[in-house]
Enquirer: 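Below are the structure tokens for one structure; questions will follow.
One is the number of the first residue; the rest follow in order along the sequence.
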Amino acid sequence: MSTHPLVEQFYARIWNSGDENVGTLLTEDFAFRGSLGTPAHGHSEFLKYVRSVRGSLANYNCEILECVTEFPRAFARMSFSGAHVAEFRGFAPTGKHVQWNGAALFTFRDGFICELWVLGDLVGLDALLRENACK
């Protein structure tokens, strides 16, 4: 598997480490559509989304399971996980580990990520959150 370096950096730096210096990876007009919230345009809207997820899920981690690149795009199969420590998707915090899978479609322009569309298994995630809430 050969993962595009921008995809690796995007997940390692922004999502897994919480680095908010997104200007080195994302275009100014970056367009984001994530499964967990409303679409975001630009750095500040995207960072608001990142903070929301990372604030609800401690030790948030994105693992690239597989990535295929055909410039100017890359498609990654992903695993997302963290400890549920604050309200998330309408569920009160349980402190329990949650994990779900998803897929991400990246578009590149001039050496930056200009667009990202992420689809996650929200049905499975909500079932796990519901199950954890009942334990």
Side-chain angles (χ1 to χ4, degrees):
M1 173 181 82
S2 176
T3 302
H4 193 286
L6 284 175
V7 174
E8 286 181 3
Q9 290 177 44
F10 176 81
Y11 286 115
R13 288 180 35 206
I14 296 170
W15 285 105
N16 296 348
S17 297
D19 181 354
E20 294 193 1
N21 185 19
V22 298
T24 59
L25 297 173
L26 311 177
T27 60
E28 287 292 326
D29 63 342
F30 176 66
F32 177 77
R33 193 271 183 216
S35 298
L36 301 174
T38 58
H41 294 90
H43 296 179
S44 63
E45 285 184 22
F46 173 66
L47 285 171
K48 182 177 177 184
Y49 182 96
V50 171
R51 288 182 201 117
S52 170
V53 174
R54 287 180 49 82
S56 295
L57 300 174
N59 302 312
Y60 187 70
N61 186 66
C62 299
E63 180 184 357
I64 301 168
L65 303 174
E66 183 176 10
C67 187
V68 177
T69 302
E70 185 172 321
F71 198 77
R73 291 191 170 77
F75 180 81
R77 190 168 58 89
M78 303 294 305
S79 174
F80 309 106
S81 63
H84 182 199
V85 296
E87 185 173 325
F88 184 62
R89 298 192 47 74
F91 292 90
T94 63
K96 296 180 180 165
H97 181 81
V98 295
Q99 182 278 325
W100 71 101
N101 292 323
L105 178 61
F106 291 82
T107 304
F108 309 110
R109 184 179 71 228
D110 300 327
F112 295 90
I113 300 167
C114 64
E115 184 177 6
L116 176 56
W117 189 28
V118 181
L119 294 174
D121 176 11
L122 299 185
V123 171
L125 173 59
D126 287 349
L128 180 58
L129 290 166
R130 194 173 299 108
E131 178 183 319
N132 286 350
C134 293
K135 289 183 180 178

Enquirer: Hey, are the side chains of Phe30 and Ile113 touching, using non-hydrogen atoms and a 4.5 Å cut-off?
Expert: yes
Enquirer: My understanding is that only residues two or more places apart in sequence, or in another chain, count here; which of them pass side chain to side chain contact (heavy atoms under 4.5 Å, CB included) with Ala103?
Expert: Phe75
Enquirer: Contact between Met78 and Tyr11 at the side-chain level, heavy atoms closer than 4.5 Å - yes or no?
Expert: yes
Enquirer: Parallel, tilted or perpendicular: which fits the ring planes of Phe10 and Trp15, with parallel below 30° and perpendicular above 60°?
Expert: perpendicular
Enquirer: Among all residues two or more places apart in sequence or in another chain, which pass the side chain to side chain contact (heavy atoms under 4.5 Å, CB included) test with Thr107?
Expert: Arg73, Cys114, Glu115
Enquirer: What is the distance from atom CD1 of Ile14 to atom OG1 of Thr24, rounded to the nearest 0.5 Å?
Expert: 7.0 Å
Enquirer: What distance separates Arg33 CZ from Trp117 CH2, expressed to the nearest 0.5 Å?
Expert: 7.0 Å
Enquirer: Mind checking whether Leu119 and Trp100 sit in one hydrophobic cluster, side chains of I, L, V, M, F, W, Y counted as touching below 4.5 Å?
Expert: no
Enquirer: Kindly write out the residues that satisfy side chain to side chain contact (heavy atoms under 4.5 Å, CB included) with Ser17, not counting sequence neighbours, or none if the list is empty.
Expert: none
Enquirer: Sequence neighbours excluded, which residues qualify as side chain to side chain contact (heavy atoms under 4.5 Å, CB included) partners of Asp29?
Expert: Thr27, Arg109
Enquirer: Is the distance between the ring centroids of Phe46 and His41 under 6.0 Å?
Expert: no
Enquirer: Identify, with sequence neighbours excluded, every residue that meets side-chain hydrogen bond (donor to acceptor under 3.5 Å, both in side chains) alongside Glu87.
Expert: none
Enquirer: Rounded at 0.5 Å granularity, tell me how far CD in Glu20 sits from CG in Leu47.
Expert: 5.0 Å
Enquirer: Kindly list each side-chain donor-acceptor pair under 3.5 angstrom involving residues 124-132, sequence neighbours excluded, with atom names and distances?
Expert:
unit_1, atom_1, unit_2, atom_2, d
Asp126, OD1, Arg89, NE, 2.7
Asp126, OD1, Arg89, NH2, 3.4
Asp126, OD2, Arg89, NH2, 2.9
Glu131, OE2, Lys135, NZ, 3.1

Enquirer: From Gln99 CD over to Asp121 CG, what is the distance, rounded to the nearest 0.5 angstrom?
Expert: 9.0 Å
Enquirer: I want to check something: taking the side chain as every heavy atom from C-beta on, are Val118 and Phe32 in contact at a cut-off of under 4.5 Å?
Expert: yes
Enquirer: Quick one: does Val85's side chain get under 4.5 Å of Leu57's, heavy atoms only?
Expert: no
Enquirer: Could you check whether any side-chain N or O of His84 sits under 3.5 Å from a backbone N or O of Phe91, counting only pairs where one atom can act as donor and the other as acceptor?
Expert: yes
Enquirer: Are Leu116 and Leu105 close enough that some pair of their side-chain heavy atoms sits under 4.5 Å apart?
Expert: no
Enquirer: Side-chain contact test, heavy atoms from C-beta onward, threshold under 4.5 Å: evaluate it for Phe80 versus Asn61 and give yes or no.
Expert: no
Enquirer: Does the distance from a Lys or Arg side-chain N to an Asp or Glu carboxylate O, for Arg13 and Glu8, drop under 4.0 Å?
Expert: no
Enquirer: Run Cys62 and Asn16 through side-chain contact (heavy atoms from CB on, under 4.5 Å) and show every step you take.
Expert: CA-CA 6 Å; Cys62 299; Asn16 296 348; 3.7 Å; yes
